[in-house]
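One structure below.
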Amino acid sequence: MDGIHTFDFWAFYREKLILNSVMADYSRKKESLNGTWHYGIDQYDTCLRNRWWTEVECDENGRALPLDYSFDEWETTEIPSCWNLKSEKLFLYEGGMVFTRKFPYEKHSEDERVFIKFGGINYKAAVFVNRTFLGMHEGGSTPFFIEATDVLKAEDNRIIVAVNNTRHPANVPMDNTDWFNYGGIYRDVELVRLPGSFIKRFQVGVVPGSDFREIFFKVEIDGKMSGTATLTIPELQFTVVIDIENGCGEHIFSPPTIDSLELWSPDAPKLYDVEVSFEGDKLTDRVGFREIRVEGREILLNGKKIFLKGVCAHEESVENGKAVSQEEIRENYALAKEMNCNFMRLAHYPHCEYAAKIADEVGMLLWEEIPVYWAIEFDNPTTYKNAENQLTELITRDINRASVIIWSIGNENPDTDERLKFMGSLADKARELDGTRPVSAACLVDSEALVLTDRLIEKIDIIGMNEYYGWYDPDFSKLPRVFENSNPEKPVIISEFGADCKGGFMNKQGDRNEMFSEEFQLRLYEKQIETLFAIDYIKGISPWIFFDFRCPRRLHHLQNYYNIKGLLSPDKKYKKLAFFAMQKFYEKLLITSM
């Protein structure tokens with residue numbers, strides 16, 4: 001490749017596009033490749049254009065060549081992180097960046113296979129190890145695994161990751177969003193050692209409709225295509241052996257101790273140790289057993305009606321950007337529980353894997369979503385393939401997380417024929433991958449007819465409804481009319497409502513109508529609460545949003561490049577008046593449902 005000539009160099013690297021490489025690794029022993037990496041701002045993607053990764057330093061006669069890079073003399077940064085928070089010059093930078101480091105490797109066994117796991121890189125990433133191109137991944141919020149077995153050596157191994165977070169209309173999400181476009185390797189990078197044949201992934205759970213009497217088990221093997229796999233649930237004193245054919249196996253069984261099975265719920269988040277073995281390989285996981293389903297207009301958890309008392313949240317931190325820590329995730333759930341929530345909508349893309357793992361532990365129900373956001377190129381087959389892969393990677397990653405009860409296939413899309421086909425296919429794919437959870441999407445209200453109508457409703461199980469009456473549409477009287485005109489046969493979650501509010505900005509004159517004030521936001525919330533409480537088909541609420549977050553499209557002087565619809569300040573230390581309104585409302589719902 002000659003860097004002087006123009007060609008689609010990313011298309012060249014896309015020939016090794018990585019699709020759904022996600023593996024179960026809950027209990028795998030992993031060697032961290034986090035820590036100090038060298039980085040270079042590569043605005044023209046010259047590393048890819050001119051093949052820096054080949055590290056050719058001399059010509060065929062041994063004469064030194066001039067180099068435009070010096071990997072080990074570059075600046076350093078800590079991984080995982082977002083480059084935007086590294087320095088002021090990078091805060092709004094979008095484009096190419098190259099990351100590199102060396103790491104040692106010592107082979108442990110003859111049949112050992114080695115994979116490198118990337119928890120999340122935004123948005124495109126090309127991976128090279130020891131002058132070999134291993135593959136490329138698209139999508140900033142789902143993990144991928146890439147095998148490096150044949151290229152590793154005993155001495156130092158050079159890994160190079162070329163990253164580009166440039167927004168593009170054909171991407172998922174597209175080039176116009178309402179959140180900050182963080183760039184970087186912002187989730188863990190790990191080395192995973194596996195045997196020649198290993199358990200790639202498995203799913204275990206309660207058989208829907210079995211009255212909690214049966215458990216299903218599915219397993220996929222990489223390597224040897226036949227044999228037997230064993231599932232053990234020690235606390236239930238149960239073991240089952242199933243046959244593996246063509247690398248897969250599945251079985252439905254009823255343990256003799258099934259009567260002692262404790263079901264997972266937000267109030268009692270019981271988790272069981274589950275062990276799966278095949279040949280010499282063994283995996284364990286912590287799994288909660290529960291059933292989530294829709295019946296008419298009701299959402300049923302473990303056969304009982306439940307109201308989802310929730311809030312929306314971005315993956316965002318003042319200090320870390322999108323590279324949130326486990327401590328920050330726990331803080332979010334603790335604050336949500338303080339507000340009497342049992343549910344959180346993780347918007348608008350897959351959050352890190354710890355979000356669901358910790359939710360399993362603490363008892364928080366989750367809506368997980370892929371970024372089919374606003375005006376995606378619904379007629380573009382490549383865009384659809386990207387969206388389907390992100391959905392597949394998300395579901396594969398979190399298939400065993402009891403906390404995850406809804407797969408969402410998108411947010412606020414106009415109702416067109418192309419969009420209906422695109423998202424209808426995603427709904428079908430979600431059910432193909434996982435038939436145990438409802439599928440949803442955040443839909444828009446017909447603003448002229450004032451009715452909740454969207455052809456996508458026929459394709460989903462739970463209707464998400466975004467509405468901003470009293471804010472973007474100042475005429476709040478339209479909201480009761482929408483509910484009067486609508487008669488859905490499925491449960492509705494008010495997936496968004498809200499108003500911008502600068503924490504601490506109070507109108508000293510007591511005027512509750514001054515926009516951006518805490519009084520205005522509180523008044524809107526009070527009106528929403530009064531209206532929503534009276535609608536019998538609403539089975540959940542998740543106001544927008546839990547805490548303020550960075551957004552370059554918000555230029556009002558009180559916003560200061562933040563979406564300030566949060567119930568909490570950006571650092572989550574200040575609770576706005578509306579926080580306490582929701583806290584009181586959810587407490588009332590708790591009392592009335594007892």
Side-chain angles (χ1 to χ4, degrees), residues 205 208-209 265-266 290-313 341-348 350 356 359 364-373 391 394-395 398-399 401-413 415 419-420 423-446 451-467 482-483 486-497 532-533 535-544 589 593:
S265 71
R290 59 99 187 95
E291 181 188 64
I292 186 73
R293 63 187 175 90
V294 170
E295 187 176 286
R297 290 177 167 181
E298 300 292 342
I299 300 174
L300 304 179
L301 176 65
N302 299 330
K304 298 179 180 179
K305 298 176 184 179
I306 187 170
F307 191 94
L308 301 178
K309 301 175 293 182
V311 68
C312 297
C341 292
N342 61 9
F343 170 68
M344 187 173 284
R345 178 189 177 206
L346 302 184
H348 281 297
M364 183 64 69
L365 300 167
L366 298 179
W367 158 314
E368 291 196 333
E369 185 166 292
I370 58 170
V372 179
Y373 183 86
L391 178 67
L394 170 62
I395 292 176
D398 288 347
I399 195 75
R401 303 282 69 83
S403 55
V404 180
I405 60 167
I406 295 171
W407 302 123
S408 171
I409 54 174
N411 178 78
E412 290 186 357
N413 316 117
D415 187 358
R419 175 262 200 167
L420 181 63
M423 296 189 73
S425 296
L426 288 177
D428 292 341
K429 185 64 178 181
R431 294 189 183 95
E432 173 192 328
L433 295 168
D434 177 24
T436 71
R437 291 173 174 87
V439 177
S440 186
C443 301
L444 293 170
V445 175
D446 186 326
V451 62
L452 179 57
T453 179
D454 187 323
R455 287 180 293 171
L456 184 62
I457 288 174
E458 297 301 316
K459 301 286 187 178
I460 57 181
D461 306 300
I462 296 174
I463 306 166
M465 175 179 166
N466 288 3
E467 52 90 1
V482 170
F483 293 136
S486 304
N487 188 34
E489 298 177 354
K490 300 176 180 181
V492 173
I493 295 175
I494 303 300
S495 40
E496 291 183 28
F497 75 83
L532 300 179
F533 186 69
I535 309 304
D536 61 357
Y537 54 75
I538 293 178
K539 302 302 176 182
I541 301 173
S542 57
W544 189 265
L589 286 179
S593 63

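In terms of heavy-atom proximity, Ala441 sits nearest to Met423 at CB-CE, 4.1 Å. The shortest non-hydrogen separation linking Ser265 to Asn302 is CB-ND2, 4.3 Å. Of all the heavy atoms in Ile462 and Ile460, the pair that sits closest is O-CD1, 3.4 Å. Across Gly464 and Ser440, no two heavy atoms sit closer than the pair N-OG, 3.6 Å. Looking at every heavy atom in both residues, Arg345 comes nearest to Ala442 through NH2-CB, 3.6 Å.
When side chains are defined from C-beta on, Asp454 does not count as touching Leu444, because their heavy atoms never get closer than 4.5 Å. A heavy-atom distance below 4.5 Å is not found between the side chains of Leu366 and Asp398. Between Ile292 and Ile406, every side-chain heavy-atom pair lies at or beyond the 4.5 Å cut-off. Side-chain atoms of Trp367 and Ile493, non-hydrogen and from C-beta on, do get closer than 4.5 Å to each other. The shortest side-chain heavy-atom distance between Asp536 and Arg297 falls under the 4.5 Å cut-off. The shortest side-chain heavy-atom distance between Arg401 and Glu368 does not fall under the 4.5 Å cut-off. Within the 4.5 Å cutoff, the side chain of Ile405 has heavy atoms near those of the Arg290 side chain. Side chains of Pro488 and Ile457 form no contact here, defined as non-hydrogen atoms less than 4.5 Å apart.
Val451 pairs in a side-chain contact (heavy atoms from CB on, under 4.5 Å) with only one of the listed residues (Asn487, Asp446, Val445), which is Asp446. When the options Arg293, Arg431, Arg437, Lys539 are evaluated for a salt bridge (charged side-chain N to carboxylate O under 4.0 Å, His left out) with Asp461, the one that passes is Arg431.
The CH2 atom of Trp407 sits 11.0 Å away from the CD1 atom of Ile370 when rounded to the nearest 0.5 Å. With rounding to the nearest 0.5 Å, the separation of CG in Leu308 from CD1 in Ile538 is 12.0 Å. Taken from CG in Asn342 to CG in Leu301, the straight-line distance is 9.0 Å, to the nearest 0.5 Å. The CG atom of Leu433 sits 5.0 Å away from atom CD1 of Ile395, with the distance rounded to the nearest 0.5 Å. Summarising the geometry, atom CE belonging to Met364 is positioned 5.5 Å from atom CE belonging to Met344; distances are rounded to the nearest 0.5 Å. Note that CZ of Phe343 and CD1 of Ile541 are 11.0 Å apart. Values are rounded to the nearest 0.5 Å.
Using modelled atom types, no side-chain atom of Ser542 and backbone atom of Cys312 make a donor-acceptor pair closer than 3.5 Å. Side chain of Ser495 to backbone of Met465: a donor-acceptor contact under 3.5 angstrom is found. Under the 3.5 Å distance criterion, the side-chain polar atoms of Lys459 are left unmatched by any main-chain donor or acceptor of Leu420. A side-chain donor-acceptor contact under 3.5 Å links Asn413 to the backbone of Asn411. With hydrogens and angles disregarded, a donor-acceptor distance shorter than 3.5 Å links the side chain of Ser486 to the backbone of Leu452. Distance alone, capped at 3.5 Å, is enough to place a donor-acceptor pair between the Glu291 side chain and the Gly209 backbone.
Not a single ring pair (Phe, Tyr, Trp, His ring centres under 6.0 Å) links Phe483 to another residue, sequence neighbours left out. Residues forming a ring pair (Phe, Tyr, Trp, His ring centres under 6.0 Å) with Phe497 (at least two apart in sequence, or on another chain): Tyr525. When the salt bridge (Lys or Arg N to Asp or Glu O under 4.0 Å) test is applied to Asp415, the partners found at least two apart in sequence or on another chain are Arg419, Arg455.
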